[in-house]
Amino acid sequence: MKHALIINSSLGRGGVERVISLLSLHAPRGWSVSLALWNKVIKYPLKADARVYFIHPYRRPFDLFKSLVDLYVILLREKPAVVMAIKGKALTLMLFLIGVKRIVRIPGYPIRRYPGFINNLLYSIKRRLLYARAHKIIAISHGIKDFLVREWKVHPDKIEVIFNPCDINLISRLSQKPLNDEERKIFRHKVLLNAGRLHYQKGQWYLIRAFKRISEEVPDANLVIIGEGVLRSYLKRLISDLRLDDKIHLLGWKTNPFKYMAKSYLFCFPSLLEGFPNAVIEALACGLPVMSADCLSGPREILAPGTEYKSDKLKEPEYAEYGILMPVMNGRYYTARDPLTWQEEVWADEIIKLLRNPELLKEYRRKAPKRAADFDAPKVVQRYFKVLGDYP
């Protein structure tokens, strides 16, 4: 039996944590998965034989030594064939591991976000050391691989692109769950759905502003946003200022977003930046047509495989093989009083067109589950363990 040890902060809510759960549940015969976490939060299921260890919380620089001591105790006990770090401070811990095979999974763009020259320099050194010491790097999109090669000078042969897995069978079962009475009142309308953290990169305020025009043209339309985050108060105020409280519904975080996806009209995804959006795949798995910004990265690779990113060059809707790609928003915050940007106008016009002509979406609805099947967990997880097992 081979052991793989995965390091992460927790197994709480989030796309990365869901991927860890799927790696455990679908580990192939002859493999077991153990976790090293520093937050005792577990929201996702694990295989019965999965072992979970808790290490000293790594929150500040002086916690590093204690975290490493705990981690080395686990390594001596488990003797894993390979160690994989997923994101954040888990990647920093990987810099100090010796005597084990190290796999680094990059869940998004490793962009310098720290103020000041010294901080950026330290970040750059840390990243370059991390990539140099890793035996293999897993990028979750071709866009991220290209970024690593271009900006961080990582040799392309060191990077394996593996898309996020998606549990199609589970989504199918959960999508059939019934709505409660209050939810049914909302979903008897033509619902535009968005799901994701209420965070800057998700850009939900653009969708809210565009919806003002949409609701004027199509009175039967409603907008539902699933998720929680730091922008909730801003979005609520924007909705109130636009006088759309009865048309736009912030439902918060839901354990089962799929029952809403299955009963919606169109999935609208105005993100400014992505690694690889699980929500887009999940919408497709529910048979929900997708309209997404052509942001870096992921949406184009899901909806228009094999084509080149246009991002800021895309000025009008692109009807791709599996969904509709749209111009990326400009990244600025706006109030209810500000006029719509040209991007918001394009989004509003196209959504109105689709709400009035549902025949345009029938083909996308038919093809959606077929595309989602390409990301089914058993198939994708096998690729992960092939990479993990390639380094004896």
Side-chain angles (χ1 to χ4, degrees), residues 175 179 183-196 203-226 235 238-239 242-251 257 259-271 279-280 282-284 286-295 299-300 302-304 310 314-329 334 336 338-371:
S175 69
L179 303 177
E183 292 167 344
R184 279 196 292 272
K185 291 177 184 178
I186 298 172
F187 283 84
R188 68 188 179 193
H189 301 285
K190 294 179 178 178
V191 170
L192 307 174
L193 186 74
N194 172 271
Q204 286 106 338
W205 67 93
Y206 295 108
L207 192 55
I208 290 169
R209 281 165 42 83
F211 187 78
K212 177 67 174 177
R213 251 200 63 213
I214 294 166
S215 65
E216 291 169 353
E217 297 287 335
V218 186
D220 193 34
N222 270 222
L223 172 61
V224 170
I225 298 175
I226 298 171
L235 299 181
L238 183 60
I239 292 167
L242 290 168
R243 298 181 181 178
L244 291 171
D245 300 87
D246 60 335
K247 295 274 192 175
I248 300 180
H249 312 275
L250 301 180
L251 297 189
K259 66 178 182 179
Y260 308 109
M261 291 179 174
K263 297 165 182 68
S264 296
Y265 197 87
L266 179 66
F267 188 75
C268 299
F269 198 69
S271 281
V280 170
E282 292 163 354
L284 294 174
C286 294
L288 179 59
V290 173
M291 172 185 284
S292 173
D294 187 22
C295 64
R300 177 169 287 274
I302 299 170
L303 303 178
K310 297 178 182 177
L314 189 64
K315 304 298 182 186
E316 58 186 22
E318 178 183 333
Y319 277 73
E321 186 175 1
Y322 296 106
I324 306 161
L325 290 164
M326 299 291 287
V328 182
M329 305 297 185
Y334 292 100
D338 295 315
L340 294 183
T341 67
W342 70 264
Q343 295 99 329
E344 291 168 327
E345 292 278 7
V346 172
W347 277 72
D349 289 343
E350 195 62 21
I351 291 172
I352 291 167
K353 174 183 171 183
L354 293 169
L355 291 175
R356 287 175 171 171
N357 299 279
E359 292 295 319
L360 291 170
L361 291 178
K362 276 190 176 180
E363 183 65 8
Y364 283 127
R365 191 175 293 278
R366 184 186 70 80
K367 294 170 74 173
K370 176 185 173 183
R371 179 55 174 155

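Everything numeric here is computed off the predicted structure, so don't read it as measured data.
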Gap separating the [atom1] atom of [X] from the [atom2] atom of [Y], nearest 0.5 angstrom:
X: Ser215; Y: Ile351; atom1: OG; atom2: CD1; result: 11.5 Å
X: Lys353; Y: Ile324; atom1: NZ; atom2: CD1; result: 8.5 Å
X: Asp349; Y: Glu217; atom1: CG; atom2: CD; result: 8.5 Å
X: Ile239; Y: Gln204; atom1: CD1; atom2: CD; result: 10.0 Å
X: Leu235; Y: Trp205; atom1: CG; atom2: CH2; result: 8.5 Å
X: Phe211; Y: Leu242; atom1: CZ; atom2: CG; result: 10.5 Å

- Carefully, step by step, assess Leu303 and Val280 under the rule side-chain contact (heavy atoms from CB on, under 4.5 Å). CA-CA 9 Å; Leu303 303 178; Val280 170; 4.3 Å; yes
Would you indicate whether the side-chain heavy atoms of [Y] and [X] approach each other to under 4.5 Å?
X: Leu223; Y: Val191; result: no
X: Trp347; Y: Met291; result: yes
X: Leu314; Y: Leu325; result: yes
X: Lys259; Y: Lys263; result: yes
X: Leu192; Y: Ile214; result: yes

For Lys367, the side-chain hydrogen bond (donor to acceptor under 3.5 Å, both in side chains) test, sequence neighbours excluded, returns none
Shortest non-hydrogen contact from [X] to [Y]?
X: Cys286; Y: Ser175; result: SG-CB, 4.1 Å
X: Ala210; Y: Ala348; result: O-CB, 3.9 Å
X: Pro339; Y: Glu344; result: O-OE1, 4.3 Å
X: Pro289; Y: Leu266; result: O-CD1, 3.5 Å
X: Ile208; Y: Leu244; result: O-CD1, 4.1 Å
X: Ala293; Y: Pro299; result: O-CB, 3.6 Å

* Could you walk me through whether Arg213 and Glu345 pass the side-chain contact (heavy atoms from CB on, under 4.5 Å) check? -> CA-CA 9 Å; Arg213 251 200 63 213; Glu345 292 278 7; 2.6 Å; yes
Those residues at least two apart in sequence (or on a different chain) that pass ring-ring contact (aromatic ring centres under 6.0 Å, His included) with Phe269 are Phe267
The side-chain contact (heavy atoms from CB on, under 4.5 Å) partners of Asp338 (sequence neighbours excluded) come to Arg209, Tyr334, Thr335
Residue set satisfying side-chain contact (heavy atoms from CB on, under 4.5 Å) with Arg366, at least two apart, ordered chain then number -> Glu363
Original post:
Do Tyr364 and Tyr322 have their ring centres less than 6.0 Å from each other?
Top reply: no
### Query
So Gln343 and Tyr206, side-chain contact (heavy atoms from CB on, under 4.5 Å) or not? Walk me through it.
CA-CA 9 Å; Gln343 295 99 329; Tyr206 295 108; over 6 Å; no
Problem set entry | Heavy-atom neighbours of Arg243 CZ exceed 12 at 6.0 Å | no
Ignoring hydrogens and geometry, is there a side-chain-to-backbone donor-acceptor pair from Arg365 to Tyr265 under 3.5 Å? yes
Only residue of Val224, Ile186, Leu251, Leu288 satisfying side-chain contact (heavy atoms from CB on, under 4.5 Å) with Tyr260 is Leu251
Contacts of Lys315 meeting salt bridge (Lys or Arg N to Asp or Glu O under 4.0 Å) (sequence neighbours excluded), chain-then-number -> none
Hits for salt bridge (Lys or Arg N to Asp or Glu O under 4.0 Å) against Glu318, two or more places apart or cross-chain, chain-then-number order -> Arg300, Lys310
Kindly determine whether Lys190 and Asn222 satisfy side-chain contact (heavy atoms from CB on, under 4.5 Å), including the steps that lead there.
CA-CA 6 Å; Lys190 294 179 178 178; Asn222 270 222; over 6 Å; no
